[in-house]
Amino acid sequence: MGTLQTWRKAYGALKDHTKVGLAHVNSDFKDVDVAIVKATNHVENPPKERHIRKIMLATSAVRPRVDVAYCIHALARRLAKTHNWTVALKTLIVVHRTLREGDPIFKEELLNFQQRGRILQMSNFKDDSSPIAWDCSAWVRTYALFLEERLECFRILRYDIEAERLPRPAQGQDKGYSRTRDLNSEELLDQLPALQQLLYRLIGCRPEGAAVGNYLIQYSLALVLKESFKIYCAINDGIINVVDKFFEMPRHEAIKALDIYRRAGQQAASLSDFYEICKGLELARNFQFPVLREPPQSFLVTMEEYIREAPRMVSVPTALEYPERLMLTYKEEDLPSPSEDKIVSEEGVRPPPPSDEAPVSTAEIAVTPPPPSILDTDDLLVSF
């Protein structure tokens, strides 16, 4: 077994050396090609910083778009052709690092390429050269799913959550907050599900079997772990915004908001478990993990009651200040038709026709109590 592994490493090193030589001779973008081959070689160590910096420079705004597109194409080709888990994982790490630290133009071009060719589609990847390689292949597929979801989240939000700079806290605030705190209802219900789906993929990034103790896999897991903090803060601030706006939402929006609120509670518990696993990693020893709290489950009952009443709610025409603002309920079948309104206005009120049935009132109006006040919602889910 040891002899076979040694032979594989020697063969991998020979392939890397050959590819570097071919890049020097045949490529019009030899600097980029050489940097990619060296950054994603068969050695089970993280990519060297100098090679990653060359790739980031090649995909920056100072370079022509064609250069950026070529670099992405070269990374995609490297992923598509390899059957070695080390090469595949190091290529994904290069993509991830460039997404996190590189120029925004790389994200835009990668998104365009992904929509055409799905560079991060790795669901069929496997390296069956050894039992260890099999476990590591599963991690490669999981990691690629997270990066694919990260790119989709960028498409929906139209900004990179990791690159977001939180504003300085205002006077009286402990910390700044994400832009999800200030979104309107439509944007909120569009962006929060995308963020929660990204968090779902992140929580699923758990190496198994022989992959758990591998240093290269722990390195990539640490990159994923770093992303969790801002993602969760954005969801947390969005949930606070949902609570603030919930009792002003129409029924179809309130149903979506309720689903988002429920999922936030489930994900808080799952993320806490994920953090407990990560705390045992060597690379996570210096991380400051937040203390998570689930959103109050008792509030779900109030939200469900509001949704049951929401279809029959109409606002009083006269603008009133809260808490005097009331909501009226009515039965739709009791509303007078337009023709009846015209008859009443022109001829006055006619007596009702004789009927054996009991008379029905023309409007059954019930006053709905104002929504309960939401106190202490500034820190529903997380405290640092």
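What you see below is based on every heavy atom in this structure, not just the backbone, and it leaves out hydrogens, waters and symmetry mates. Because the structure is a prediction, the values reported are computed rather than measured.
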*Any side-chain heavy atom of Leu195 within less than 4.5 Å of one from Leu157?*
yes

*Answer whether the closest heavy-atom distance between the side chains of Glu148 and Arg201 falls below 4.5 Å.*
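In short, these two side chains do not touch, never coming nearer than 4.5 Å.
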
Could you give the distance from [atom1] ([X]) to [atom2] ([Y]), rounded to the nearest 0.5 Å?
X      : Y      : atom1 : atom2 : answer
His51  : Lys54  : NE2   : NZ    : 7.0 Å
Leu198 : Leu147 : CG    : CG    : 10.0 Å
Asp182 : Leu188 : CG    : CG    : 10.5 Å
Arg181 : Cys233 : CZ    : SG    : 10.5 Å

What is the minimum heavy-atom distance between [X] and [Y], and which atoms define it?
X      : Y      : value
Ala74  : Asp33  : CB-OD1, 4.0 Å
Met249 : Tyr306 : O-OH, 2.6 Å
Ser270 : Arg206 : O-NH2, 3.5 Å
Lys226 : Glu162 : O-OE1, 4.1 Å
Thr142 : Cys205 : CG2-CA, 3.7 Å
Ile239 : Ala264 : CD1-CB, 3.7 Å

Quick check: are there more than 12 heavy atoms from other residues, nucleotides or ligands sitting under 6.0 Å from [atom1] of [X]?
X      : atom1 : result
Glu49  : CD    : yes
Glu108 : CD    : yes
Lys245 : NZ    : yes
Tyr275 : OH    : yes

Verify same cluster id: [X], [Y] (apolar side-chain graph, 4.5 Å):
X      : Y      : answer
Leu292 : Ile231 : yes
Leu202 : Tyr200 : no
Trp85  : Val212 : no
Tyr219 : Phe229 : yes
Ile260 : Ile255 : yes

*Going through the distances and angles, do Ser60 and Phe106 end up as a side chain to side chain contact (heavy atoms under 4.5 Å, CB included)?*
CA-CA 7 Å; Ser60 64; Phe106 178 79; over 6 Å; no

*Quickly, which of Val32, Val68, Asp67, Leu75 forms a side-chain contact (heavy atoms from CB on, under 4.5 Å) with Thr59? Name it, please.*
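One option only clears the test, and that one is Val68.
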
*Do you know which of Leu271, Ile277, Val224, Asp273 makes side-chain contact (heavy atoms from CB on, under 4.5 Å) with Ile203?*
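By the side-chain contact (heavy atoms from CB on, under 4.5 Å) criterion, Ile203 pairs with just one of Leu271, Ile277, Val224, Asp273: Leu271.
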
*Where do Ser220 and Leu92 land on the side chain to side chain contact (heavy atoms under 4.5 Å, CB included) test, with the steps shown first?*
CA-CA 9 Å; Ser220 57; Leu92 292 175; over 6 Å; no

*asked:* Is it true that Gln197 and Arg263 share a donor-acceptor pair across their side chains at a distance under 3.5 Å?
replied: yes

Taking the side chain from [X] and the backbone from [Y], do they hold a donor-acceptor pair closer than 3.5 Å?
X      : Y      : value
Arg141 : Phe125 : yes
Thr82  : Arg78  : no
Lys90  : Asn45  : yes
Asn241 : Asp237 : no
Asp135 : Gly209 : no
Gln267 : Gln196 : yes
Lys256 : Pro193 : no

*Should Phe154 and Leu99 be marked as a side chain to side chain contact (heavy atoms under 4.5 Å, CB included) after you check the CA-CA gap, both sets of side-chain angles, and the distance that decides it?*
CA-CA 10 Å; Phe154 171 72; Leu99 280 172; over 6 Å; no

_Partner of Glu109 by side-chain hydrogen bond (donor to acceptor under 3.5 Å, both in side chains), out of Gln114, His73, Arg65_ =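 For Glu109, the side-chain hydrogen bond (donor to acceptor under 3.5 Å, both in side chains) check succeeds only for Arg65.
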
*Could you go through the side chain to side chain contact (heavy atoms under 4.5 Å, CB included) check for Leu145 and Glu149 one step at a time?*
CA-CA 6 Å; Leu145 274 175; Glu149 197 66 54; over 6 Å; no

*Establish, yes or no, whether a centroid distance under 6.0 Å links the rings of Tyr261 and Phe246.*
no

*asked:* I'd like to check the ring pair (Phe, Tyr, Trp, His ring centres under 6.0 Å) partners of His96; sequence neighbours left out, ordered by chain and number.
replied: Tyr143, Phe146

*Scan Lys230, Arg155, Arg179, Lys107 and name whichever one has a salt bridge (Lys or Arg N to Asp or Glu O under 4.0 Å) with Asp160.*
Lys107

*Using a strict cut-off of less than 4.0 Å between a Lys/Arg side-chain nitrogen and an Asp/Glu carboxylate oxygen, indicate whether Arg100 and Glu227 qualify as a salt bridge.*
yes

